[in-house]
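Take a look at the structure set out below.
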Amino acid sequence: MQLSRVGLWRWYASTREMQWSAGMCALAGCPHQTSRLSFDEVASLFTSASVLAWEQALQQMLVQQTGLECQLSLRSAQQPGCVRVVAEVLQGDAQIIEGSAEWLPYSQTSHPEQLLHALPIGILEVNAEAGILFINQTLRQWLTGAAASGQEQDLSALFEAENASRLHSLLDASMAGSQPQSITLHISHNQQQHQRRELAVECQESTAALTGKRSWYMIMHDVTVYAELTQQLRQSEERWQLALESSGDGVWDWYPQTGIEILSDRLKAIYGYGPNEIEDLSDELDRRTHPDDLEQMQADRQAHFDGLTPTYINEHRVQCKDGRWKWILTRGTVIERDVHGEPVRVVGTHTDISERKQAEADVRDSEERLRMALSATHQGLYDLNVQTGMAIVNADYALMLGYALEQFSENRQNWLRRLHPEDLALSERAFRDYINGKAPEYRAEFRQKHANGSWVWILSVGALVEWDDQGNPLRMLGTVLDITARKQSEAIIWQQANIDPLTGLPNRRMFYDRLEQNLRQSKRRNSLLAVLFIDLDFFKEVNDTLGHATGDSLLVEAARRLRLCVRETDTVARLGGDEFTVSLPDQSDTVQVEQIARKIIEQLASPFHVAGEEIYLSASIGITIYPRDADNLADLIKHADQAMYAAKAAGRNRFSYFTPNLQTAALARLRLNNDLRSAISDKQLQVYFQPIVETDSGVIRKAEALIRWYHPHKGWISPLEFIPIAESSGQIHAIGELVFQESVRWVSQWRKTIHPDFQISINQSPVEFQNENSPYTGWISYLEQQGLPGQAINIEITEGLLLDADNKVASRLIGFRDAGIQVAIDDFGTGYSALSYLKKFDIDYLKIDQSFVRNLRDDSSDMALCEAIIMMAHKLGLQVVAEGVENAEQEQLLRSAKCDFVQGYLYSKPLPASDFDHFLHQAAGKL
């Protein structure tokens, strides 16, 4: 490596960065011509001892204002020698050091060991037993007592017991391969004056020990001066903080790049907190700022950050401990920025200006009343004789109600004649409260009839300006404002927040609010309250088949029918999807509740005529009664939901009351869900395999992977029990990944030992298949990594997925096709048929459900169905697998019908992988 001989450098103490010239970069082997480097990047070019020496010399130069000279060793130097760096006494900016560097061959440098003695840092070399191999003179000068003997054997001879123990621990960590660590030691410096020296110690393995054996360097920096300066800085900050707080201000110290804010005790007191009640958390003050003030506050602060203002000043409201809002004046200044000019540290104060703000608000209120009474504005103005009820108004007042001023006469009778009846009580109470001193002003909102017959919302504000000698009010001045648009906006907002936009029924939020009112009413009256949870049966299938527009029309009609089944005082709501709820307050017994439930079932069972289709639905209803089943809203809803699922499980199109057994079952499902989570992590789940036999040859070249769970306390748990729980909880994805990994492992083996075309079928839950974060891309890549073609795996899905074949499902099916992975339709014939989709998508197999095979006879309808399915599949170029074959007669019938593959207990029940491997080899040996 050809090295440059000279170079120039500049050190920025505030950012610990260096600016190197092209010569310096070439000298050190830096890949750039010129570069601004962090000190960590510099450290990557020189040996650790050299870097530590250079940094120590730079620190001393800053503090002592002396010159600098170091000899540094490069990590990758291919020529013998070192880099000599020098700098003169500081000039100008005390935080910037400029210097030069030159390459010195070893012939011009000191002996390496002498160089270590000359370094301004302590160096101690030890072996693996902590035996001392080398001590440089700098460290000897720092130590006292035994250090001067030169006969020390280990760390205990050099250091006090506590320091020696800590150095042993540091050595152990370095020997264990931990990242370089640093500790701080305090050693005696001047025993007569009881002075101590503070050392920062790092330990790392030597790449070329002086003895030629494996050893470790302990590099020690004297950081006494730095620690003293840090303490002085801390004391200085405490003094200025005390000075600021003595004026009553609170002090904050903010680090924007981390968000951390340090709040003084006085600032916390302004907020109503004690010293230890608020932590120094990220963005603590912003979170307490009033939402209406936050944007302006941040804008003012950013203007200062950008250098547009000399200081940051803003007035805003903050929330105190007791929830009240308090006005504060905040001032702040950036006192430290990074190399990009971004603020690193900002210090400021908070001043409580609540009293001043209140005084300003009082003045504004007074001015507003004066303007309201005397100024000509576009608002309606009135001058009311309180005794007679006669009023003088301006043209805007009359125009607001659709009249010309000359045609308009205002008095109490005319005002009452225009007033909406529902607003009379509130308006009169507002007037009485003001006259009687219970309110600071007259303020009321009410509706007045417009000349065109519509209703106009009016805000009327007034103040008494004249009294008689007895103190009775004589005269009021005020304004009226048309707030119709605001009221309409509020109505729209309320509608959106409380009403289901599709059906016009109350939504979940409003239903819960009304149910809470019904609950309190039932408690007061000691009456029963019934809650019905209604779910439309088969709605999803209809919605998926006929489209969402038809589904929406069905929901609208269902909502209309539900309203016809209940009283005006009852509440019907739509919670979402096809779920409805009904609240039936003031019930004396359950007879009427059952009558309503039966009426709802009857109404929803009647055919729906939508979009030219006659559609049949039914309803499953769960019923819970207060106080028999629950005494709070959450439990009432939960128990009604559980009862609804019980009605579905019992066959749908019926209602079911809540019973404690349902809660017990729900708890059992919850516990099973928790056990399943543990089962996955504890590897209790096992993958079993069942053979799929080629009908003509009897050869086994396929198998189906099935998941099994042996619970350590409950024994075997059926997949029919735990798979639905896994789907609802999301744990099905982990189970699917387990089945895939095991299947790939075994199919790879069986393709080598049984048949090169061996294939394993994997069942896919619709929840897995429709997952947004599908693993299938990773599966395909994994098969390629294992050297397996896509045909090694067959994915089994249900017919329902094809009915809901949106772009996501279709793209995944196409992805399987492109990767060579085959697809089978499982349990074919048991759900909604998807014959048109069999040709649209690349399907390879149909699996006839075992319910058709179980009662298979020569002249049975099941036989006819099986023959029809097989013939149809073959016409479409698909192969057929029959499940559930248990006897030779069934096998013979399926063979005669030209079924391609059979599967069932006739051949083998599902077996653990190792047993199935043995079974396959036995079967292969019989051929």
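Remember, it's a predicted structure, so these values are computed and weren't measured experimentally.
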Between R854 and E886, is a salt bridge (charged side-chain N to carboxylate O under 4.0 Å, His left out) present by the stated rule, with each step listed?
-> CA-CA 8 Å; R854 186 180 300 117; E886 297 182 353; 5.9 Å; no
Any side-chain heavy-atom pair of L617 and L604 under 4.5 Å | no
Would you say V480 and L459 make side-chain contact, with heavy atoms under 4.5 Å?
-> no
Least distance between heavy atoms, F852 atom then C866 atom | CB-SG, 4.0 Å
Going by distance alone, is a donor N or O of one side chain under 3.5 Å from an acceptor N or O of the other, for E704 and N763?
-> yes
Minimal non-hydrogen separation, G402 against A451, with atom names = O-CB, 3.5 Å
If the plane angle is over 60° it's perpendicular, under 30° parallel, otherwise tilted; pick one for F901 and Y845.
-> perpendicular
Nearest-0.5 Å distance that lies between atom OG in S489 and atom CD1 in I483 | 11.0 Å
Answer yes or no: is there a side-chain heavy-atom contact under 4.5 Å between F816 and I795?
-> yes
CA sep, side-chain torsions, deciding dist, call: Q603, L562, side chain to side chain contact (heavy atoms under 4.5 Å, CB included) = CA-CA 8 Å; Q603 283 286 329; L562 286 173; over 6 Å; no
After noting the C-alpha distance and the side-chain angles of D535 and K648, does the key distance pass the salt bridge (charged side-chain N to carboxylate O under 4.0 Å, His left out) rule?
-> CA-CA 9 Å; D535 186 86; K648 276 192 178 295; 2.8 Å; yes
Could you state the interatomic distance from CD1 (I821) to CZ (R817), rounded to the nearest 0.5 Å?
-> 13.0 Å
Can you find a pair of side-chain heavy atoms, one from F539 and one from L555, that are under 4.5 Å apart?
-> yes
Side-chain H-bond candidate by donor/acceptor type, S860 with D862, under 3.5 Å | no
With a 3.5 Å cut-off and no angle check, do the side chains of Y512 and Q517 form a donor-acceptor pair?
-> no
Aromatic ring proximity, centroids under 6.0 angstrom, W415 and F446 = yes
Among all residues two or more places apart in sequence or in another chain, which pass the side chain to side chain contact (heavy atoms under 4.5 Å, CB included) test with E557?
-> R560, R561, F608
Under 3.5 Å: donor-acceptor pair, side chain of N498, backbone of W494 | yes
Chi angles and distances behind the side-chain hydrogen bond (donor to acceptor under 3.5 Å, both in side chains) call for W779, E737 = CA-CA 9 Å; W779 284 13; E737 190 64 24; 2.9 Å; yes
Minimum side-chain heavy-atom gap Q879-H874 below 4.5 Å = no
Would you say the side chains of D500 and T503 form a donor-acceptor pair under 3.5 Å?
-> yes
Side chain to side chain contact (heavy atoms under 4.5 Å, CB included) between I534 and T581, intermediate numbers included | CA-CA 6 Å; I534 305 165; T581 50; over 6 Å; no
Taking atom CG of L894 and atom CE of M863, what is their separation to the nearest 0.5 Å?
-> 6.5 Å
Without hydrogens or angle criteria, can the side chains of Q521 and D586 be said to hold a donor-acceptor pair below 3.5 Å?
-> yes
Give the C-alpha distance, both sets of side-chain angles, the deciding distance and a yes or no for side chain to side chain contact (heavy atoms under 4.5 Å, CB included) between V582 and I596.
-> CA-CA 10 Å; V582 178; I596 294 175; 5.5 Å; no
Can you check salt bridge (charged side-chain N to carboxylate O under 4.0 Å, His left out) on E721 and K714, steps first, answer last?
-> CA-CA 13 Å; E721 186 175 356; K714 300 175 183 177; over 6 Å; no
Is NZ or CZ of R628 both nearer than 6.0 Å to the six-membered ring centre of Y657 and within 45° of the ring axis?
-> yes
Are the side chains of L813 and V823 in touch, meaning some heavy atoms are under 4.5 Å apart?
-> yes
Would the W455 and H420 ring centres measure less than 6.0 Å apart?
-> yes
Value rounded to 0.5 Å, distance of CG in N507 from CG in L505 = 10.0 Å
Do T798 and D826 have side-chain N/O donor and acceptor atoms under 3.5 Å apart?
-> no
Between the main-chain N or O of K523 and the side-chain N or O of S527, is there a donor-acceptor pair closer than 3.5 Å?
-> no
Between I814 and D818, is a side chain to side chain contact (heavy atoms under 4.5 Å, CB included) present by the stated rule, with each step listed?
-> CA-CA 6 Å; I814 293 171; D818 294 343; 3.7 Å; yes
Between Q731 and N673, do the side chains contain an N or O donor and an N or O acceptor separated by less than 3.5 Å?
-> yes
Taking atom types as modelled, find out whether N518 and S583 have a side-chain donor-acceptor pair closer than 3.5 angstrom.
-> yes
Taking Q890 for the side chain and V853 for the main chain, is one N or O donor matched with an acceptor at less than 3.5 Å?
-> yes
Correct closest heavy-atom pair for A897 and E867 would be CB-CG, 3.9 Å
Is the CG atom of D589 crowded by more than 12 outside heavy atoms at less than 6.0 Å?
-> yes
Are D641 and K638 ion-paired here, with the side-chain N under 4.0 Å from a carboxylate O?
-> no
Mind checking the CZ-CG spacing from R509 to L575? Nearest 0.5 Å is all I need.
-> 14.5 Å
Using 4.0 Å as the upper bound for N to carboxylate O, is an ion pair formed by E594 and K599?
-> no
Parallel, tilted or perpendicular: ring planes of H711 versus W709, cut at 30 and 60 degrees | tilted
Just checking, R598 and F655: is the charged tip under 6.0 Å from the six-membered ring centre and within 45° of the axis?
-> no
Flag the pair I848 / V881 as yes when at least one side-chain heavy-atom distance between them is below 4.5 Å, and no otherwise.
-> no
Working to the nearest 0.5 Å, report the span between CZ of F828 and CD of E883.
-> 13.0 Å
Grab the two heavy atoms, one from L636 and one from A630, that are nearest each other, plus how far apart they are.
-> N-CB, 3.7 Å
Over all atoms of both residues, closest heavy-atom pair of L481 and M400 = C-SD, 3.9 Å
Decide yes or no on salt bridge (charged side-chain N to carboxylate O under 4.0 Å, His left out) for K847 and E796, but give the supporting numbers first.
-> CA-CA 9 Å; K847 297 194 74 174; E796 295 189 9; 2.8 Å; yes
Close side-chain approach of I762 and Q764, heavy atoms under 4.5 Å = yes
Non-hydrogen atoms of F580 and L536 that approach each other most closely = CE1-CD1, 4.1 Å
Verify, without hydrogens or angle tests, whether Q587 (side chain) and P585 (backbone) share a donor-acceptor contact under 3.5 angstrom.
-> yes
